[in-house]
Every structure is written in C-alpha cells, then in structure tokens.
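Report on the following structure.
Keep in mind the model is a prediction, meaning the values are calculated, not measured.
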Amino acid sequence: MDIYKELCRIVKQDNVLTDELMCNHTTFRIGGKADYYVSPDSENEVASLIRFCETNKIRYHIHGNGSNVLFNDNGYRGVIICIGSNLSEIAQNDNIIKAQSGVLLAGLSVYAASKGLSGLEFASGIPGTLGGAVTMNAGAYGGEMKDVIESVTVCDREGNVRVLNKDELCLGYRTSIIQKNELTVLSATLKLTEGDSDRIKAGMKELNNKRREKQPLEYGSAGSTFKRPEGYFAGKLIEDSGLKGYRVGDAMVSEKHAGFVVNVGNATAEDVKTVMTHVQEEVKKRYDVWLEPEVRIIQEG
C-alpha cells in the first residue's frame with residue numbers, strides 16, 4: 001500500500017508532508033523527521049485519518065501546537081495528524097463559546113476578553129491548543145479548563161464522533177477520560193461569565209507579566225517538565241536539591257525556574273531525558289518523592 005497516496009485521498013496533497021522535522025513543530029525545538037505530517041482541513045478529515053490509520057495498523061499521533069511533547073531525535077515512524085490553524089473556528093452565543101480544537105488557547109482567551117467574557121484569563125499565556133488543553137485539563141494561576149468546559153466533541157479510535165458532557169470527562173489534575181481512552185478532541189463548548197472587557201484584559205496582562213518574570217520564556221521548553229506532587233511543588237523540590245543550572249549538552253534545568261528543563265541551544269531529546277532522569281533520582285534520594293513527567297515523551301516507533 002502506498003501510504004502517501006492514500007493520505008492524499010483523504011486530505012489535499014499540499015497538506016501531506018513527508019520526512020518533516022518535528023523540531024519545527026514543537027516548543028522544545030527538538031525532534032527528528034516524521035514519516036508523514038498531515039494537516040486536515042475538517043473534523044471529518046480527522047475522523048477519516050484516524051479510521052485509516054487504525055484499520056491499516058499504521059502508527060499515528062495527534063499533534064497540536066507541540067507545547068507539551070518531546071519527540072525522539074530519530075523522529076517518528078508513522079503519521080502525525082496535526083490539528084492546528086486549519087481547525088480553529090470560534091463561534092459565540094451570549095456567554096457560550098464553541099471553538100474547534102486547533103485554536104490556540106492564548107488566542108481564544110484574547111477573543112473571549114474582547115467579547116467581555118471572563119473565565120479564560122488563566123489560559124492567556126499557555127502556548128498550546130484548545131484540544132491539548134482540554135485533553136490534559138491544563139491550568140495555571142488557580143484556573144483550570146474544567147472550570148469553563150460544558151461539553152466536548154471527540155473522535156474515538158474507530159473514527160466515531162460523539163459529544164461528552166462535563167461530568168463524562170472525568171477531569172482531574174492534568175488528566176481526563178480523553179487522555180485515558182485515547183480520544184481526540186474536535187471541538188469544545190465553554191461557558192464563561194460576562195464581565196468588563198477592559199478589566200478582563202488588565203487581569204490577563206497582569207498574569208502574563210508574572211509569567212514573563214518567573215518563567216524562562218526566552219528558551220525552548222515544553223512548559224512545566226514535571227507534574228506537581230501531592231503536598232509539594234516540583235520546582236521547589238528541584239531547586240532545594242541544588243539542581244538549578246544542571247546541564248547535559250544544551251538541555252538545562254532553568255536557572256530562572258527549576259520546574260522547567262530548557263533547550264539553551266541545540267539540545268537533543270537524549271540530553272533532555274538524561275537531565276530529567278537525574279532530577280528524578282536526586283529528588284527521590286533527598287525527599288523520597290518521585291516526580292512524574294508532565295511532558296509527553298514520544299518514542300521513535
């Protein structure tokens with residue numbers, strides 16, 4: 001079977017790339033070549049691509065803005081299905097917003113603020129897409145996606161599309177039924193609160209200023225590298241273990257915020273994984289706490 005030809009039957013030929021470097025599609029700026037990188041134009045195309053890959057036992061990965069993933073240096077053997085700007089429509093009805101999963105979360109929060117709708121201020125600096133944010137129940141500064149989600153349209157591994165309400169999503173700290181059951185988010189309906197647009201924008205500006213002050217945004221990273229262990233803060237445990245600035249190649253524990261492993265130049269995935277393992281072992285040795293990765297590590301094949 002000619003996989004390239006079959007993919008081009010599902011989406012436009014221009015939307016199928018081969019041997020595409022994943023370092024160009026991740027905020028870590030790390031990752032080798034993917035066999036196929038496909039950008040669907042519709043939710044139906046997403047479902048068709050998933051159905052095709054599942055039926056033919058072709059490995060695939062659903063990709064958004066690449067803000068929470070680390071790809072292997074040797075790339076990815078299979079199909080990357082990118083749900084991005086091609087699937088980023090937004091519709092508003094009073095205080096309800098429905099948006100496709102490829103819309104950037106920061107852009108969606110700006111849109112909400114412009115309509116005088118509050119509730120997404122916490123998300124204004126999160127670099128991922130709505131789909132990724134819903135999947136992992138992303139949060140920051142006291143807010144989480146579960147605070148605003150009403151329902152989510154998903155596609156299962158057989159290509160079936162259905163709507164899940166908030167209670168069915170089992171949203172918890174950086175987890176959801178979407179993640180556990182390997183569902184793909186197509187769109188989400190959010191319920192926000194009416195407010196003053198200028199005040200909402202001022203609140204967003206304040207949070208983004210805090211983010212710039214405290215986080216190493218000048219370097220490539222996948223955001224917080226580890227989940228928050230119960231009763232602790234990962235960054236503090238790492239800092240108190242004397243690991244700020246710990247470096248392997250161009251991967252380094254940020255000197256600005258120890259909760260981030262950053263790419264200060266041309267780090268490899270192996271560099272990052274070596275740093276992460278050392279951090280986990282040192283924190284375990286000192287505090288008997290095992291740090292679970294928040295970044296998703298995507299293996300070659």
Side-chain angles (χ1 to χ4, degrees), residues 39-50 62-65 67 81-156 159-172 174-179 181 183-208:
S39 303
D41 281 329
S42 71
E43 295 175 12
N44 284 338
E45 287 183 358
V46 175
S48 295
L49 287 166
I50 290 172
I62 304 298
H63 190 69
N65 196 44
S67 60
I81 301 172
C82 178
I83 302 179
S85 59
N86 294 3
L87 288 163
S88 58
E89 290 180 6
I90 307 170
Q92 179 216 354
N93 184 10
D94 295 327
N95 66 327
I96 303 293
I97 283 180
K98 183 171 183 180
Q100 290 184 303
S101 61
V103 69
L104 288 173
L105 203 55
L108 186 60
S109 65
V110 169
Y111 174 89
S114 73
K115 301 295 182 180
L117 296 175
S118 175
L120 280 175
E121 290 89 332
F122 75 90
S124 61
I126 296 175
T129 60
L130 176 61
V134 171
T135 300
M136 66 175 292
N137 186 29
Y141 296 109
E144 289 181 296
M145 290 305 298
K146 72 176 183 180
D147 301 333
V148 296
I149 289 173
E150 280 287 284
S151 64
V152 178
T153 302
V154 299
C155 179
D156 66 21
N160 302 311
V161 175
R162 66 184 191 273
V163 177
L164 300 177
N165 64 41
K166 183 177 181 174
D167 293 338
E168 293 175 292
L169 293 170
C170 302
L171 296 163
R174 302 298 176 265
T175 187
S176 69
I177 200 74
I178 296 164
Q179 205 170 345
N181 290 354
L183 304 173
T184 298
V185 178
L186 300 177
S187 66
T189 300
L190 312 178
K191 186 176 183 179
L192 304 177
T193 307
E194 292 181 7
D196 178 75
S197 184
D198 289 338
R199 215 172 263 181
I200 295 166
K201 288 175 184 175
M204 284 166 53
K205 186 177 180 182
E206 187 180 335
L207 289 180
N208 285 332

Could you check whether any side-chain heavy atom of [X] comes within less than 4.5 Å of a side-chain heavy atom of [Y], counting everything from C-beta outward?
X	Y	answer
V103	Y111	no
V185	I83	no
V148	L192	yes
D156	R162	yes
V154	V161	no

Got a donor-acceptor contact below 3.5 angstrom from the [X] side chain to the [Y] backbone?
X	Y	answer
R174	N137	yes
N65	L104	no
E45	D41	yes
K166	K146	yes
N208	K205	no
S118	E194	no

Gap separating the [atom1] atom of [X] from the [atom2] atom of [Y], nearest 0.5 angstrom:
X	Y	atom1	atom2	result
L169	N165	CG	CG	7.0 Å
I62	T184	CD1	OG1	4.0 Å
I126	L105	CD1	CG	5.5 Å
L108	I97	CG	CD1	5.5 Å
M136	T175	CE	OG1	9.5 Å
C155	I178	SG	CD1	12.0 Å

Shortest non-hydrogen contact from [X] to [Y]?
X	Y	result
V46	P40	CG2-CG, 3.6 Å
Q179	T135	OE1-O, 3.4 Å
K201	A113	CG-CB, 3.9 Å
G159	A47	O-CB, 3.7 Å
A106	S124	CB-O, 3.3 Å
G128	S67	CA-OG, 3.2 Å

With respect to L120, which candidate in L190, V110, D147, I200 satisfies the side chain to side chain contact (heavy atoms under 4.5 Å, CB included) definition?
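Only one option passes, and that is L190.
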
Worksheet item: With S151, which of D167, T189, L164 fulfils side chain to side chain contact (heavy atoms under 4.5 Å, CB included)?
Response: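 So the option named by the test is T189.
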
Sort and list the pairs that fulfil side-chain hydrogen bond (donor to acceptor under 3.5 Å, both in side chains) and have at least one residue in residues 87-110, not counting sequence neighbours.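 Sorted result for residues 87-110: E43-Q100.
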
